[in-house]
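As structure tokens, the structure follows; a few thoughts come after it.
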Amino acid sequence: MGMGKLIFGTGASSSKDYSSLKRVVRSVMENKIYSFDTAPSYGTESVLGKIIRELSCEMELDRETLFIQTKIDPLQMQESDGDIRKYVTFALKQMDLEYFDSLLIHWPIPEYFDRTWESFVKIREEKLSHKIGICNVRMRHLKGYLGADSIPDIIQIERNPLRTCEKEISFCHQHGIDVQAYSPLCKMDERLRDNEILKRISEKYGKSVGQIILRWHIDTGVTPIFTSTKPIRVREYASIFDYKLSKNEIKEISSLNIDYKMYLESMSCPGL
């Protein structure tokens with residue numbers, strides 16, 4: 001996949017029904033965004049697969065153009081005691097795919113993690129997924145994964161200017177691990193929306209604050225995963241590739257960091 005791209009996420013804040021989601025995904029693909037993120041708990045795997053298949057045929061896009069990523073959720077890890085292969089093959093069938101481009105552990109529950117990761121490594125060896133990775137990790141976990149036989153290709157973390165994760169990102173870049181950011185706009189928290197630094201930079205480039213934040217992610221080597229139910233918002237967020245932020249502007253935006261987190265691991269993954 002590489003850096004300098006956007007991923008469209010079909011999470012909690014996106015449309016779930018066929019017609020609404022297809023309208024948004026059409027806008028996504030018309031704006032040359034061909035990367036998609038889903039998960040069993042989002043309830044979008046099947047409908048997203050159908051929509052991508054229809055629009056790819058209509059737009060004459062081959063499979064190699066697309067980047068399709070899903071996850072294994074905690075319930076699946078628990079039910080299978082980490083032997084998650086059947087869930088992967090079921091998801092592939094649901095989405096009418098021969099392989100995933102990326103498969104992630106959604107929440108690395110400690111008691112099931114090692115066995116699940118062993119299954120992930122086999123999944124990659126079988127080419128059922130080209131890349132494997134882990135969501136919701138901290139620095140202490142990353143150091144531990146380096147001692148394993150197989151390190152993640154990708155990590156996905158909550159990241160935005162209020163939570164810059166500089167240590168984690170630096171570590172990943174040093175070790176060839178791609179970083180994805182979920183909630184990259186922090187739901188346009190007023191501390192970002194009304195921030196004078198961001199407003200000044202947005203006025204300079206003639207862009208919205210949201211566009212500036214997404215550009216900041218890309219200019220710091222991170223792939224942002226955005227969601228929207230509005231085609232007009234998709235077009236806005238896709239229009240961030242005609243400029244780059246200066247080093248000083250990146251530093252100014254990163255200075256907003258207060259280690260603020262919207263989704264606490266202790267709520268979704270006790271013991272992490």
Side-chain angles (χ1 to χ4, degrees), residues 1-3 5 7 9-10 34-42 44-46 48-49 52-53 56 61-157 168-169 171-180 182 221-223 225 269 272:
M1 178 177 55
M3 297 302 173
K5 293 194 175 184
I7 296 178
T10 59
Y34 304 123
S35 300
F36 299 89
D37 175 83
T38 185
S41 55
Y42 298 166
T44 55
E45 284 181 322
S46 182
L48 179 64
I52 290 174
R53 186 167 61 252
S56 295
L61 299 172
D62 56 34
R63 175 65 181 89
E64 288 69 31
T65 303
L66 304 170
F67 181 91
I68 301 173
Q69 171 175 278
T70 193
K71 306 177 186 75
I72 290 295
D73 286 326
L75 180 62
Q76 297 169 309
M77 294 169 68
Q78 182 178 16
E79 286 182 342
S80 64
D81 196 26
D83 184 11
I84 49 76
R85 191 182 190 281
K86 66 179 180 181
Y87 296 107
V88 177
T89 55
F90 176 74
L92 287 168
K93 185 176 181 180
Q94 267 202 315
M95 297 190 74
D96 194 21
L97 297 170
E98 293 184 358
Y99 64 88
F100 289 114
D101 296 277
S102 171
L103 180 71
L104 308 179
I105 293 176
H106 208 163
W107 291 96
I109 302 174
E111 57 265 45
Y112 302 110
F113 178 79
D114 288 345
R115 291 186 294 275
T116 303
W117 189 248
E118 288 174 8
S119 293
F120 266 53
V121 172
K122 292 176 182 175
I123 291 291
R124 184 172 60 184
E125 289 171 353
E126 294 178 47
K127 297 186 174 16
L128 295 179
S129 183
H130 289 171
K131 295 189 176 188
I132 56 175
I134 310 161
C135 305
N136 299 298
V137 292
R138 300 257 184 159
M139 195 67 204
R140 64 183 184 275
H141 306 117
L142 289 171
K143 289 180 177 178
Y145 299 149
L146 270 194
D149 292 335
S150 186
I151 67 171
D153 299 301
I154 295 169
I155 70 161
Q156 186 186 116
I157 53 177
E168 286 86 350
I169 291 166
F171 181 93
C172 287
H173 289 170
Q174 287 173 23
H175 293 93
I177 301 170
D178 286 346
V179 182
Q180 298 174 355
Y182 73 82
V222 173
T223 302
I225 302 172
C269 189
L272 179 59

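Small disclaimer: the values here were computed from a predicted structure and weren't measured.
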Checklist entry - If you look at every heavy atom in K131 and D153, which pair is closest and at what distance? => result CA-OD2, 3.3 Å
Checklist outcome for this item: In D37, T70, T10, the residue satisfying side-chain hydrogen bond (donor to acceptor under 3.5 Å, both in side chains) with T44 is T10
Next on the checklist: Keeping W117 on the side-chain end and S150 on the backbone end, is there a donor-acceptor pair under 3.5 Å?
Outcome noted: yes
Item to check | Rounded distance (nearest 0.5 Å) linking atom CD1 of I109 with atom CD of Q78 | outcome: 6.5 Å
Checklist entry - Does H106 have its ring centroid less than 6.0 Å away from the ring centroid of Y42? => result yes
Checklist outcome for this item: Tightest non-hydrogen contact, residues Y99 and K127, listed as CB-O, 3.5 Å
Checklist entry - Checking side-chain contact (heavy atoms from CB on, under 4.5 Å) against Y34, which of I7, I52, L61 comes through? => result L61
Checklist entry - Would you call the rings of H175 and F171 parallel, tilted or perpendicular if under 30° counts as parallel and over 60° as perpendicular? => result tilted
Item to check | Interatomic spacing from CD in Q76 to CD1 in I84 - rounded to 0.5 Å | outcome: 8.0 Å
Checklist entry - Which distance, rounded to the nearest 0.5 Å, do you find between the CG of N136 and the CD1 of I105? => result 11.0 Å
Checklist entry - How many angstroms lie between NZ in K143 and CD in E168, if you round to the nearest 0.5 Å? => result 10.0 Å
Next on the checklist: Looking at every heavy atom in both D81 and R115, which two are closest together, and how far apart are they?
Outcome noted: OD1-NH2, 2.6 Å
Checklist entry - So, for L142 and C172, which heavy atoms are closest and what is the spacing to 0.1 Å? => result CD1-SG, 4.0 Å
Checklist entry - At what distance, to the nearest 0.5 angstrom, does CD1 of I155 lie from CZ of R138? => result 11.5 Å
Checklist entry - Can you check side chain to side chain contact (heavy atoms under 4.5 Å, CB included) on F67 and K5, steps first, answer last? => result CA-CA 11 Å; F67 181 91; K5 293 194 175 184; over 6 Å; no
Checklist entry - What heavy-atom pair brings G133 and F120 nearest, and what distance separates the two atoms? => result O-CE2, 3.9 Å
Item to check | Listed partners of D73 passing salt bridge (charged side-chain N to carboxylate O under 4.0 Å, His left out), at least two apart | outcome: none
Item to check | side chain to side chain contact (heavy atoms under 4.5 Å, CB included) evaluation trace for D178 with T223 | outcome: CA-CA 8 Å; D178 286 346; T223 302; over 6 Å; no
Next on the checklist: Quiz question: by atom type and distance under 3.5 Å, do the side chains of S80 and D83 form a donor-acceptor pair?
Outcome noted: no
Checklist entry - With respect to S129, which candidate in I68, L103, L92 satisfies the side-chain contact (heavy atoms from CB on, under 4.5 Å) definition? => result L103
Next on the checklist: Tell me the closest heavy-atom pair linking S119 and G82, and the distance in Å.
Outcome noted: OG-O, 2.8 Å
Item to check | Audit row: I134, F113, side chain to side chain contact (heavy atoms under 4.5 Å, CB included) steps and yes/no | outcome: CA-CA 10 Å; I134 310 161; F113 178 79; 3.7 Å; yes
Checklist entry - Which one of H130, K71, Q69 satisfies the side-chain contact (heavy atoms from CB on, under 4.5 Å) criterion with S102? => result Q69
Checklist entry - Once you round to the nearest 0.5 Å, how far does CE of M95 lie from CG of L48? => result 4.5 Å
Checklist entry - Hey, are R63 and E98 close enough for a salt bridge, meaning a charged N less than 4.0 Å from a carboxylate O? => result no
Item to check | Donor-acceptor under 3.5 Å (T89 side chain, K86 main chain) | outcome: yes
